[in-house]
2 protein chains.
Amino acid sequence: MAKWGAEEPSSIGEAASIISRLVSRRAWIIVAAACINEYEGRAASKTTPGDKVIMIKPSGSVIVHGPRGFKPQNWQPDTSAIHVSEEDGFLVIRAVRRSPREILTLRCHKVYTVQWLEEPEEGDFWMYINEHQIRDLLATNPSILEPGLVITRVERPVEPGFVDLYGRDREGNLVVIELKRVKAGVEAVKQLLGYVEAFRRKGVRVRPILVAPDFTESAVRLAETSGVELKRIDLRGLYELLAGRARPRRGSLEDFLPRED
Amino acid sequence: MAKWGAEEPSSIGEAASIISRLVSRRAWIIVAAACINEYEGRAASKTTPGDKVIMIKPSGSVIVHGPRGFKPQNWQPDTSAIHVSEEDGFLVIRAVRRSPREILTLRCHKVYTVQWLEEPEEGDFWMYINEHQIRDLLATNPSILEPGLVITRVERPVEPGFVDLYGRDREGNLVVIELKRVKAGVEAVKQLLGYVEAFRRKGVRVRPILVAPDFTESAVRLAETSGVELKRIDLRGLYELLAGRARPRRGSLEDFLPRED
DNA sequence: GAATTCATCTGGAGA
DNA sequence: TCTCCAGTTGAATTC
């Protein structure tokens, strides 16, 4: 169990010394304060004074949130150095990283609270549905897509890029499959056509299939005129398969494809 | 000045009632707790028990951080509903949004602290260097790119997409410029070639220029074989120009282009 | 709502 | 290191 603590510093100087000590101990620090942010690096930004929540993680990241929006106002992903000091009556937190050279400076005129966790327990994080998972599932269960399909290569390098799945259909045609976990737009069709063209230049004719849960109107139009096959796939069925709540049965190949209606 | 407060709840039930009240008041809430996360929606993830910092913003976002990394473990950008309750001895925070249907569930077995700001002052956020700024600067100072260049259109619509800058060079050729603030990859060249092709179909011949601080190897190769001109630009110089620390001088057109060496 | 593009994108894998 | 690509990408803008 992590050790935690909280303080309401009575002065900027006290806040600086508390935070400085916590940073050197690699604690997980949350500071509620009123400050301005200044960032200069790949881009540049600044704020007027406002209330912020500043998080400094044991791993060294610095994250500054404003009251709105899901994204932080400013951040520093992996900071080579975090400096905490008092300057001209301000609590100044500086996070500097090199390559790319970027500096984030927080100038706080009021510190509401400082709160921390020391030696936090991390726990595991398990993302169990993503494109990688689906690709591997389809690679090992290609009959979900089409009877008789055999996958011979996963992530086959082509021209500049990679074909998600590469194999051969029942009739011996080479098949090139592009997989999208979310609705596929016209860009996905173009990408696949690029691969087809790359194969054609090498004198190889392939059958392109775009697999996705849904397709945009423009994707359907381009696919029709360019000879790309579209195959809708029901992710929910795949999810259940991945979660072990279902099992691919022989002869149930269309179970994971949505009804045609 | 925001009203702030902090509490160390003595029980899960007390934590639930405190947080529930704060949510209904639209306070900015920070909870340090040990919990598991469960997310199901476009993807799915779960964690084992571990220490987390949970932020609930007045705007309704829910952000769950683990001890490492700049990104949150889980989040909910704009939540239709946040439910706080006690279930089986756990503090349960549920953030549900529809479209896409996604559910984030936090099950806390230990709450270290609850901290909040009511009516936080927001302040302004001003990003003063981004592609938009650079594009406008080049549009009004095209001689930075090339003597005699005249820009006639900014963000000119073309087939699918927009040409960043469109104009005419000293010799009367139509010029199509694609601008990247960061190193340009092969995709940028392809994008530009797409525009060239779109113009060609309309019987218009254009001179394509890709402007960026740097180019990937594959971008250079494709550019060479496809007739796209690459123009390196020094962003630092542009930054200074934007910041008013420098001024475009007549006859100093190459000042903002890196040396050829 | 759909489509497109930018982002300090971040993060990961591979060469 | 660079390069490429997925991401619960988010967010803005346009139609």
Is the distance from OP1 or OP2 of [N] to the nearest side-chain N or O of [X] less than 4.0 Å?
X         : N       : value
Lys71(B)  : dT8(D)  : no
Ser218(A) : dA2(C)  : no
Arg42(A)  : dT10(C) : yes
Arg68(A)  : dA11(D) : no
Thr216(B) : dT3(D)  : no

Phe70(B)-dT10(C) aromatic stacking (under 5.5 Å, under 30°):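 According to the criterion (under 5.5 Å, under 30°), no, Phe70(B) does not stack.
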
How long is the line joining [atom1] of [X] and [atom2] of [N], in whole Å?
X         : N       : atom1 : atom2 : value
Asn37(A)  : dT8(C)  : CG    : P     : 14 Å
Ile134(A) : dA6(D)  : CD1   : P     : 13 Å
Arg135(A) : dA6(D)  : CZ    : P     : 9 Å
Trp75(A)  : dG10(D) : CH2   : P     : 14 Å
Gln76(B)  : dA11(D) : CD    : P     : 12 Å
Ile129(A) : dT8(D)  : CD1   : P     : 11 Å
Lys57(A)  : dT10(C) : NZ    : C1'   : 13 Å
Leu192(B) : dT5(C)  : CG    : C1'   : 16 Å

Upstream residue (5' side of DNA chain D) when Tyr39(B) and Gly185(B) are each assigned their closest nucleotide: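 The residue closer to the strand's 5' end, by nearest nucleotide, is Gly185(B).
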
Of Asn74(A) and Ala219(A), whose closest DNA chain C nucleotide lies nearer the 5' terminus? Ala219(A)

Among [options], find the nucleotide with the atom closest to the side chain of [X].
X         : options                  : result
Tyr195(B) : dC4(D), dA11(D), dT5(C)  : dT5(C)
Glu217(A) : dC4(D), dA6(D), dA3(C)   : dA3(C)
Arg97(B)  : dC2(D), dT10(C), dG10(D) : dG10(D)

Do you know which of Leu145(A), Val163(A), Leu210(A), Asp164(A) makes side-chain contact (heavy atoms from CB on, under 4.5 Å) with Ile177(A)? Leu145(A)

Name all residues meeting the salt bridge (Lys or Arg N to Asp or Glu O under 4.0 Å) criterion together with Glu217(B); count only those two or more places apart in sequence or in a different chain, and write none if there are none. none

Residues forming a salt bridge (Lys or Arg N to Asp or Glu O under 4.0 Å) with Arg207(A), sequence neighbours excluded: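 Expected list: Glu146(A), Asp169(A), Glu229(A).
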
For dT4(C) and dT8(D), measure between their P atoms and round to the nearest Å. 22 Å

Answer yes if the side chains of Asn74(B) and Ser45(B) hold a donor-acceptor pair under 3.5 Å, and no otherwise. yes

If you measure only the distance, is there a donor-acceptor pair under 3.5 Å linking the side chains of Tyr128(B) and Gln133(B)? no

